[in-house]
Amino acid sequence: MSNRTGYIMGICCALVYNIFIYGIDSNYILDFFASFLGSLLIPVIISGLISLFVKKSFGKIFGITCLIVFALGAIGSNY
């Protein structure tokens, strides 16, 4: 996985997560973007902390972290 692929995978996971959890309402499109950026905040922090200690590219770590965090969040919100 390249660095760019990790960023794309992380952003796509965040988009799918927000659509799955909140849905899309054309009246509240600004709320959708705010929740999209807010959902990316925690994986960015976790990826930043991991990349401080492990000398790998940030994009790879970000993509994998987003996939794990959003999968756990989607599973947890349905139960």
Quick check on Leu30: does its CG atom have over 12 non-hydrogen neighbours (other residues, nucleotides or ligands) under 6.0 Å away? no
CD1 of Ile68 to CG of Leu72: how many Å apart, nearest 0.5 Å? 7.5 Å
Determine, using the 4.5 Å side-chain heavy-atom cutoff (strictly less than), whether Val69 and Val54 are members of one ILVMFWY cluster. yes
Under a single-linkage definition using a 4.5 Å side-chain heavy-atom cutoff for Ile, Leu, Val, Met, Phe, Trp and Tyr, are Leu67 and Ile45 assigned to the same hydrophobic cluster? no
Are Ile29 and Phe36 joined in one hydrophobic group, where the rule is that I, L, V, M, F, W and Y side chains link up if heavy atoms are under 4.5 Å apart? yes
Thr65 side chain to Phe62 backbone, donor-acceptor under 3.5 Å: no
For Phe58 and Ile50, what are the C-alpha separation, side-chain angles and deciding distance, and is it a side chain to side chain contact (heavy atoms under 4.5 Å, CB included)? CA-CA 9 Å; Phe58 181 77; Ile50 291 172; over 6 Å; no
From Ser47 OG over to Ile61 CD1, what is the distance, rounded to the nearest 0.5 angstrom? 7.0 Å
As an exercise, state the distance from CG of Asn18 to CG of Asp31, rounded to the nearest 0.5 Å. 11.5 Å
Between Phe70 and Val16, is any pair of side-chain heavy atoms under 4.5 Å apart? no
Inspect the surroundings of CD1 in Ile19 and state if more than 12 heavy atoms from other residues, nucleotides or ligands are less than 6.0 Å away. yes
Are Leu49 and Leu41 grouped together when hydrophobic residues (ILVMFWY) are joined by side-chain heavy atoms under 4.5 angstrom apart? yes
Indicate, with yes or no, if Tyr7 and Leu15 share a hydrophobic cluster defined by side-chain heavy-atom contacts under 4.5 Å among Ile, Leu, Val, Met, Phe, Trp and Tyr. yes
Test applied, side chain to side chain contact (heavy atoms under 4.5 Å, CB included); reference residue, Tyr17; option that passes from Ser35, Cys12, Ser39, Cys66: Ser39
